[in-house]
Amino acid sequence: MVHTNTASECPKEMIALKMAQTEKLLPGNQNSVSMDSSSVDMKQLSTHAGSKGRTQHRQTSKPSKRENICSIGSSSSDAPTAVKKRVVPTFHRKASGLKEKTKNKPEKLSQMSIEQVMGTTHRVSGALVQAAKTVTSMSPSELAKLQEIISESSEMLMMLTYTDGSTQLREPNEPRKRASASLHEEGVANSVLVAIQRKAAKKEYMFVSFPLAGLGKENASEATRNVLLEILQSSTRKVCFDAQELMHAIIINYSLDPQSGCNKWVIMDPKIACWLLDPDNPPVTFSGMLKTFVTGKYNDQAPNNHLTHLELLGLVMGDLTNKLQRKNLWELFINLEVPLIPILAGMEVQGIQVNQKMLISYSNILKDEIKDVEKQCYKEAGHPFQITSHIQLRQVLFVELKLDEQCPGQKLARTNVQNLKSTSETVLHKLIDLHPLPELVLTHRQLVKLKSTYLDGLSDYVSGGYIHTSWDQTSAASGRLQSSNPNIQNIPKQPLQLHKDANGSVVNETTASSTTPATTLWMREPFYSHDGWSFFAADFQSIELRILAHLSQDAVLLKVFNDAGSTDIFVQLTCEWLGLNLDDVKTADRERTKRIVYSVIYGVGAERLAETLNDTKENAKAFTKSFLVKFKGVNTFAQRCISECQRHGHVKTIFHRHRLISNISSQNFHVRSHAERQAVNFVIQGSAADICKLAMIHIMKVLSEKNTVRARLLVQIHDELLFEVHDEDINEVKGILKTVMESTPTLGESICQLKVPLPVSLSYGKTWGHLKQMV
DNA sequence: GGCTCGACGCTACG
DNA sequence: CGTAGCGTCG
């Protein structure tokens, strides 16, 4: 097991998460991986032929860089030098020459050395040209020997090769293309190259390649597939730079079940290790990582071939392992981040069903509405202008209409960099009573945003009725997951109300009378579940505030969360704060409390809070002050974060995730203040992220154990998990999700026992638009 | 004149 | 606070 494999390298004071102590997270149990293609939704799989987004930047190859790259197995000796938008599937070619040699070897397997069998054992030091053996060219006896070698190996280094001849360990390619250029691309993964290190002879590797591109069913022989799965499930330490991408390619090309087929794969990823060490500067490419994180010996210009890169990969991971252990990050790495990799890969392949026709029809509705609003804007301004141009809008509002001069008491915000008069939402709100234009512009902005980002933008990503988002583990310094291409985590939750008033002109909800006919659009409505299945959402209620209660140990906050009662937390807080009765709390008070609370979490200043509250700076200050007086622990907690950061140069979350913040001692007030807010915010946001990830791993583990329950994880939105569940299993899943997620705090108890409960609220429905709350 | 790029402003989500 | 992504502008 990996755990035992690596335990000897771990410091004694290592605290393991409870999760990892159970064997299920760890590899070695072959039977638990479903190879049954009948369990795979073929309709969905057929839509995943291409992986977009993450492959965008490797379309082009640099022939000059590849001059001394040796030919590996089925890869690049005759790779196209020209850029190809659509990659023609390259069927795995026979490993020329090599195959002949090994085929002619004597038959007595037991008497042969590995070299004799495989002809590929190789000492990497030195620039020897060396080829890997392609698995598909092996005879049954050779495969048997290979399996034996795998079972006796001490380490396996893995990487993808692409049809253009580059690899995962390639030099950085052309500058990244714009997101729009990445749409509808074909996947270009060509093969999986594995260097197997033998236990007996540490310096000897055996190189094997598994074809991916053009892998038809007829070619994916059971034997070949089983060998690759054996590697992935083996307890041997495995290393890959960007393991998520590797897993993604394997799941697709070998038609594995994206949810259950891979969740026990354990691969060390140096990319993630580097990000844990310095989350603000995550490596993008392998060579970039070497430059930033690896000192001395590896910086030398190594021979540019696949095999030396693989050896380098192993050395670097060894180095990083030591670094992680020294920084007390190893448990976070091995128990949280590494188990997450196959889950994310599975989510990418799984995708989510989208009704593209609905996206288009909504878009057309908005197109007309936008035109109407445009006309009204021109009328109110007295002439046509480009409403989306801040420069022109500034001219109209502040030079022609001089609206800013009509509100002398108010201080209107300025833009960040150029210090010009801002046209932001908060500014426009303040001008609303002076002239019809500001509100029209706000409406226009809202409609344009919804149309361009969430209707047209999403529509571009629909392929075969599905959207396959990319999940990025290393792009957020706080430890949160991030989705992109498209970003599925910021699709509006609130519906858009469209009203037509008596004149037929469009107005938004704030001014429309309740009797006018209304159209209601939910941007999440086009996302729908399969027949016989439903969406099922589970989200942690106000997790960041609960984390704050725990971390600050503030007596009042702790009491609020632990005295239970189903009353809304912000209503309760408002009571505590203003000394009101529960029934006397008005919605406005509740909203105000919520904003103040999160402002404190985010560490914003009085000016910013005044803006969000639409109140004066003095009142905002007073609010914040009375809040901090009521919850004295919060302020001491913030100060503790700041001084910890000053002492150590970094702050830590409850699971030891850290962030280096050097500006904490800056002489510049603004720079230092920003750093202080970052420090406080990171501890809370990062701790919440830790727990959400732990919950995610835990729930996927439990679901995969109950193989009768049909549930798939589709999306993670920080504190919320969206599943698709078979209708017959809804009640069972409801019970599992609630129990398992709410037990998350106990999982990490060896690291940290949370002093507050983390209740989960559940909802379900046939579309993502408006889910029904469950009780 | 069209095209690409980075900087900037704004606003969804948490 | 911190993500992604759309739009304008020079």
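Between the side chains of A:Asp456 and A:Ser363, at least one donor-acceptor pair of N or O atoms lies under 3.5 Å. Inspection of the A:Gln773 and A:Ser763 side chains reveals no N or O donor paired with an N or O acceptor under 3.5 Å. No side-chain donor-acceptor contact under 3.5 Å links A:Arg394 and A:Thr415. At a cut-off of 3.5 Å, with distance as the only test, no side-chain donor of A:Gln350 or A:Glu724 sits close to an acceptor on the other residue.
Nearest to the side chain of A:Tyr454, among B:dA12, B:dC13, B:dT11, sits B:dA12. For A:Arg524, whose side chain is taken as the heavy atoms from C-beta onward, the closest listed nucleotide among B:dC13, B:dC10, B:dC8 is B:dC13. Side chain of A:Lys493, nearest nucleotide from C:dC1, B:dG14, B:dC8: B:dG14. The side chain of A:His718 lies closest to B:dG14 when the candidates are B:dA12, B:dC10, B:dG14. The listed nucleotides are C:dC1, C:dT8, B:dG9; the one nearest the side chain of A:His674 is C:dC1. Out of C:dG7, C:dG5, B:dG9, the shortest distance to the side chain of A:Asn485 is found at C:dG5.
Between A:Glu425 and A:Lys449 no salt bridge is recorded (no basic side-chain N to carboxylate O distance below 4.0 Å).
Distance A:His390 NE2 to C:dG7 P: 12 Å, rounded to the nearest Å. Between the P atom of B:dA7 and the CD1 atom of A:Ile391 lies a distance of 17 Å, rounded to the nearest Å.
Between the side chain of A:Gln685 and the base of C:dC1, at least one donor-acceptor pair of N or O atoms lies under 3.5 Å. Residue side chain A:Asn487 does not reach the base of C:dA4 through any donor-acceptor N/O pair under 3.5 Å, judged by distance alone.
Within residues 544-553 of chain A, no residue has a heavy atom under 4.0 Å from DNA chain B.
Going from atom SG of A:Cys641 over to atom NZ of A:Lys652 covers 12.0 Å, rounded to the nearest 0.5 Å.
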